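Computed from a prediction, not measured in an experiment: that's the story for all the values here.
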Amino acid sequence: MRGYKIFSGSANINFAKEISKYLSLPLSDAGIKRFSDGEISVQIDESVRGKDVFIIQSTCVPTNDNLMELLILTDALRRSSANSITAIVPYFGYARQDRKANPRVPITAKLVANLIQTSGIDRVATIDLHAGQIQGFFDIPVDNLYGSIVFNDYIKNKHFKNAIIASPDIGGIARARSVAKHLGLDIVIVDKRRERANESEVMNIIGDVKDKEVILVDDIIDTAGTIVKAAEVLKDRGARSVMACCTHPVLSGAAYERIQNSALDELVVTDTIPLKKELPNIKVLSVAPIFAEVIRRVYHNESVNSLFI
């Protein structure tokens with residue numbers, strides 16, 4: 001049997017170690033260094049000839065450095081005669097730039113897809129892409145997993161008496177509806193008006209939340225402005241409690257301060273991006289076992305989709 005190996009970039013090494021532990025397969029050796037001017041240097045320290053290789057690397061902050069690490073690792077492995085290279089990218093950076101929303105702007109998600117393919121990656125596995133159509137930017141297989149698989153179980157174990165799912169904006173209705181359908185709950189919608197990038201103003205709640213335990217569902221929390229304002233308005237409308245579930249905790253700028261001082265009773269996130277600090281009202285659920293199972297199934301040519309059926 002040809003065998004497979006797992007390599008990790010420096011974006012989220014603890015996440016890679018969790019996958020390694022699940023698969024009972026040690027991380028393979030690759031030296032990743034930086035020259036004084038910031039250039040990245042990679043040295044593969046063991047043979048990968050004829051092996052199926054998996055690279056674990058989120059393209060989170062510093063996004064450009066982590067993306068370049070992924071590309072350079074891929075090039076090194078390709079030149080070392082790896083049989084195939086699969087990129088495990090828990091957080092796909094630049095995914096929010098997925099369309100031409102204004103004149104004379106790039107579609108950066110497409111550019112990143114081109115870079116990944118050109119580097120020699122044969123397959124990509126990620127979770128909760130900001131826009132599902134990004135899969136169509138690739139001409140290689142892309143597995144877009146669902147963070148709801150861990151959130152659903154967590155919510156069930158809370159044993160809420162009068163729960164309802166909420167979408168923090170109109171664009172997230174499909175995601176909220178999917179979770180609500182799985183849990184047998186109704187949904188409400190937070191209607192907001194965004195004045196400029198990274199700033200939002202909550203305008204209205206579509207639906208009744210009085211005396212309800214509200215569960216906000218989103219894919220990315222960046223500056224936390226939307227979620228925090230939504231929680232405040234929901235509480236003002238009579239919600240008994242507000243919990244938010246978000247796959248990717250980007251948490252930039254004043255996000256941690258906002259969350260700490262917010263009306264949110266709990267923010268539940270996954271470990272696709274390592275947290276910069278811990279807060280009492282932030283709970284982290286691991287999706288490393290899901291990606292480990294994806295690696296095992298891809299290597300053995302088994303169905304990935306059946307994980308979510």
Side-chain angles (χ1 to χ4, degrees), residues 7 9 11-12 15 40 52-78 82 84-149 169-176 178 194 197-198 217-222 246-250 252 270 272-273 287 290-291 294-295 297-298 301 303-305 307-308:
F7 288 85
N12 197 345
F15 186 85
I40 299 167
D52 291 329
V53 175
F54 297 83
I55 306 173
I56 302 165
Q57 177 79 333
S58 272
T59 51
C60 52
V61 174
T63 306
N64 297 335
D65 280 2
N66 288 330
L67 176 59
M68 281 304 298
E69 260 190 34
L70 173 61
L71 301 177
I72 294 170
L73 271 167
T74 301
D75 190 67
L77 290 163
R78 179 62 66 198
S84 69
I85 301 173
T86 298
I88 304 297
V89 188
Y91 175 69
F92 189 91
Y94 290 107
R96 285 173 285 182
Q97 299 183 47
D98 64 302
R99 67 195 188 282
K100 193 171 180 182
N102 296 299
R104 297 176 297 280
V105 297
I107 304 178
T108 315
K110 170 60 175 170
L111 173 61
V112 171
N114 290 344
L115 290 169
I116 286 173
Q117 289 184 165
T118 302
S119 70
I121 288 170
D122 299 294
R123 187 185 191 105
V124 174
T126 185
I127 189 167
D128 278 348
L129 279 171
H130 184 65
Q133 66 264 24
I134 291 174
Q135 293 174 87
F137 293 170
F138 291 86
D139 293 319
I140 57 176
V142 177
D143 297 303
N144 183 27
L145 313 177
Y146 304 107
S148 59
I149 193 172
D169 53 38
I170 299 296
I173 292 175
R175 184 179 300 105
S178 175
R194 187 180 297 276
N198 290 334
V217 178
D218 210 349
D219 62 329
I220 297 173
I221 294 185
D222 189 349
C246 167
T247 307
H248 305 298
V250 175
S252 65
T270 76
T272 59
I273 300 173
V287 290
I290 298 174
F291 279 102
V294 167
I295 289 173
R297 292 187 180 209
V298 167
N301 291 316
S303 170
V304 173
N305 185 62
L307 272 171
F308 305 100

Heavy-atom closest contact ([X] atom, [Y] atom, distance):
X	Y	answer
D98	A95	CB-O, 3.5 Å
F291	A125	CE2-O, 3.9 Å
T74	I85	O-CD1, 3.6 Å
N66	S58	CB-O, 3.5 Å
I295	I88	CG1-CD1, 3.9 Å

Should [X] and [Y] count as side-chain neighbours, where that means a heavy-atom distance under 4.5 Å?
X	Y	answer
R78	D122	yes
I134	V112	no
R123	I140	no
V298	F54	yes
N12	I56	no

Would you compute the distance between atom [atom1] of [X] and atom [atom2] of [Y] and round it to the nearest 0.5 angstrom?
X	Y	atom1	atom2	answer
D75	I121	CG	CD1	10.5 Å
H130	T247	NE2	OG1	12.0 Å
N64	T59	CG	OG1	9.5 Å
T126	Y91	OG1	OH	9.5 Å
Q117	L115	CD	CG	10.0 Å
M68	L73	CE	CG	10.5 Å

message = Which residue in the set D128, T272, V250 passes side-chain contact (heavy atoms from CB on, under 4.5 Å) when paired with I220?
response =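 In the set D128, T272, V250, the residue that makes a side-chain contact (heavy atoms from CB on, under 4.5 Å) with I220 is V250.
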Any donor-acceptor N/O pair, [X] side chain to [Y] backbone, under 3.5 Å:
X	Y	result
H248	F92	no
Q57	A87	no
N144	L129	yes

key: Sidechain N-carboxylate O distance under 4.0 Å for R175, D169   =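 No salt bridge links R175 with D169.
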task = Could you check L111 against Y94 for side-chain contact (heavy atoms from CB on, under 4.5 Å), going step by step and ending with a plain yes or no?
result = CA-CA 9 Å; L111 173 61; Y94 290 107; over 6 Å; no
